Amino acid sequence: MVMRLTHTLAPTLKETPAEAQIVSHRLMLRAGLVRQTAAGIYAWLPLGLRVLRNIERIVREEQDAIGAQEMLMPTIQSADLWRLSGRYEAYGPEMLRIRDRHDREMLYGPTNEEMITDLFRQSVKSYRELPQMLYHIQWKFRDEVRPRFGVMRGREFLMKDAYSFDLDYPGAVVSYRRMMLAYMRTFRRLGLKAIPMEAESGPIGGNLSHEFIILAPTGESQVWYDAAFERMDFSAAAISHESATDLERFFVDMTTHYAATDEKHDEASWARVADKREGRGIEVGHIFYFGTKYSAPLGLAVAGQDGAPTALHMGSYGIGVSRLVGALIEAFHDDAGILWPDAVAPFPAAILNLKVGDAACDRVCDDIYAKLAGNALYDDRGERAGVKFADADLMGHPWQIVVGPRGAAAGIVELKRRSTGERHELGIDAALARIG
RNA sequence: CGGGGCGUGGCGCAGCCUGGUAGCGCGCGUGUUUUGGGUACACGAGGCCGCCGGUUCGAGUCCGGCCGCCCCGACCA
């Protein structure tokens, strides 16, 4: 589906809405990706949705690649399950509580540990069925006291959450490392530099809790890390997610170098780092092992080899999908607008018809439009060139195919790479080949 | 939840102190003009001034209550 801008809901703004403070929020509103409908709640307009879907797709592919199974759990949950784990009381006002017409207590899920544990318990009875990993990509709601930063900290947000089930601790460790690998691959494909940083592991202890921080100059927290992370290559072929040995080597690589946020930063350890790097970061993922925290109270146990019931060791793994849209913009923008990485851009290219109505321009644009089926946003508005350039830069398409009366007659277009500003005059087919 | 601020055409704002029938820029429509980085001119459409109540001959403006949104802090995928 090629979209014609004249018939697309992509309302760009010249001025910055007063409520937006940080750059990603401003640009998301100005580029017409989202609109706020209530505090911390956003409607995703066509272009914003395409970015969200692209991120989702990459996340999904990398989850599938390590053998996680996709499912979909509901947004509305019964309070009863949460009473079993004790979290109905513990969660506090951040949980959106609802009553249905029969006065039953319900809630809009902030996460799904209880539900997945209960579902798994109903059907899995033997150690022979383990291990398993399940995930879903679903909207969550946390009634933040103070939503801010646009989709970076909304109340409603799209999250990928995965859950692992293992018979014992060593098995859970393998699952944990496997997921860490999937995360590194995911963030790299999104064009981001992500660094796993040890996080609070709660009552379980150990070092099996990591936050994934991406580097962005406008990030919300200060981070300190070893430059070794910048040199690491997590190429897909190098590590097998099925080899416990590969996974251990990978895990050691990931965790021996220093990396910390404000909360965990330690000057003594920092002093021993040879090649220091400091920067700003945004948390986009979190993985942790929590043992039998939910399996025990919810009665999730299977028959082990000896026939005796064993409570399962679980872990959960989140990626903030909608937050990533904002985080990506924080990482990739300039004064003119967004610089989408190719993998997530709403469209790889925009076609700018600088003179709608000019026979040659229209003909060349129609030709490109047909050849790019599905891969371009065609600016067919009767606007001046400057307006089109400004909007294309703002929206951040990786490539701009500029069709003006000067070159169109000769079948020449100008191809502009948004990220570098490079421009080349090329024949139509040569330009299309460059875009790939 | 503590502290601060703001609600006036789609967006950004003025008007409120010192009540008198709502204004500017951008955007939108029509026409002319311009034609490779947000063109210029003319005409035009569009607002129960967040809501409810009070004071007053008269309320966007004063008083009370409510709702919504934003910022700083504590908190967080």
Side-chain angles (χ1 to χ4, degrees), chain A residues 9 11-22 25-26 29-30 32 35-42 55 59 91-95 109-113 137-162 183 199-200 209-214 220-221 261-263 281-288 316-327 335-337 352-358 361 379 381-394 400-408 412-414 416 421 423 425:
Chain A
L9 184 64
T12 56
L13 301 173
K14 210 161 162 181
E15 294 177 273
T16 302
E19 74 267 19
Q21 294 300 308
I22 61 166
H25 191 193
R26 292 178 175 194
L29 293 171
R30 288 193 51 215
R35 284 294 182 267
Q36 178 168 302
T37 61
I41 301 179
Y42 293 84
I55 295 172
V59 168
Y91 223 94
E94 273 207 349
M95 177 182 278
T111 175
N112 289 72
E113 278 85 4
I137 300 174
Q138 178 63 290
W139 292 92
K140 306 288 193 292
F141 196 93
R142 289 185 195 167
D143 200 357
E144 298 278 348
V145 220
R146 192 185 155 210
R148 62 185 126 171
F149 306 147
V151 301
M152 296 261 289
R153 177 125 176 243
R155 291 194 293 171
E156 188 182 53
F157 57 97
L158 187 62
M159 183 163 104
K160 183 284 303 181
D161 43 323
Y183 273 41
E200 292 300 335
S209 173
H210 287 85
E211 291 178 347
F212 289 78
I213 305 287
I214 61 154
E220 50 195 345
S221 49
T261 58
D262 323 39
E263 293 163 359
I282 301 168
E283 183 185 352
V284 291
H286 196 166
I287 61 178
F288 53 97
S316 76
Y317 315 90
I319 290 180
V321 177
S322 50
R323 163 177 272 204
L324 270 166
V325 179
D335 290 343
L352 309 194
N353 186 339
L354 295 192
K355 192 166 186 182
V356 173
D358 175 88
C361 285
D379 191 345
R381 298 175 300 174
E383 292 287 350
R384 292 177 54 86
V387 174
K388 299 193 178 197
F389 289 133
D391 277 347
D393 285 349
L394 175 61
Q400 293 173 18
I401 304 167
V402 181
V403 180
R406 220 159 53 200
I412 300 294
V413 300
E414 181 181 273
K416 173 180 165 182
R423 305 162 186 234
E425 301 231 318

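A quick note: this is a predicted structure, and the numbers were derived from the prediction, not measured.
Taking the salt bridge (charged side-chain N to carboxylate O under 4.0 Å, His left out) definition, one finds that A:Glu144 meets it with A:Arg153, sequence neighbours left out. When the side chain to side chain contact (heavy atoms under 4.5 Å, CB included) test is applied to A:Glu15, no partner is found at least two apart in sequence or on another chain. Every side-chain hydrogen bond (donor to acceptor under 3.5 Å, both in side chains) that A:Tyr42 has, sequence neighbours left out, goes to A:His25, A:Gln36. The ring pair (Phe, Tyr, Trp, His ring centres under 6.0 Å) search around A:Phe141 returns A:Tyr108, not counting sequence neighbours. By the salt bridge (charged side-chain N to carboxylate O under 4.0 Å, His left out) test, A:Lys416 is found to be paired with A:Asp393, residues two or more places apart in sequence or in another chain being considered. A:Phe157 pairs by the ring pair (Phe, Tyr, Trp, His ring centres under 6.0 Å) definition with nothing, not counting sequence neighbours. Every residue was checked against the salt bridge (charged side-chain N to carboxylate O under 4.0 Å, His left out) condition with A:Arg384, not counting sequence neighbours, and none meets it. The ring pair (Phe, Tyr, Trp, His ring centres under 6.0 Å) check on A:Phe149 picks up nothing, with sequence neighbours excluded. Applying the salt bridge (charged side-chain N to carboxylate O under 4.0 Å, His left out) test to A:Glu220 and every residue at least two apart in sequence or in another chain returns A:Arg323.
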Exercise for the section: Spell out protein contact along nucleotides 1-12 of chain B as letters: B when the base is contacted, S when just the sugar-phosphate is, - when no protein heavy atom is under 4.0 Å; keep the 5' to 3' order. Expected result: B---------BS

List every contact pair, protein side and nucleotides 32-36 of chain B side both N or O, where the distance is under 3.5 Å.
| from | atom 1 | to | atom 2 | distance (Å) |
| --- | --- | --- | --- | --- |
| B:U34 | O2 | A:Arg384 | NH1 | 2.5 |
| B:G36 | N2 | A:Glu414 | OE1 | 3.0 |
| B:G36 | N2 | A:Glu414 | OE2 | 2.6 |

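For RNA chain B, the residues of residues 154-161 of chain A within the heavy-atom distance limit of 4.0 Å (strictly under) are A:Gly154, A:Phe157, sorted by number.
Side-chain atoms of A:Val387 lie closest to B:G38 of the nucleotides B:G38, B:C69, B:G37.
Between A:His210 and A:Phe212, the ring center distance fails the sub-6.0 Å criterion.
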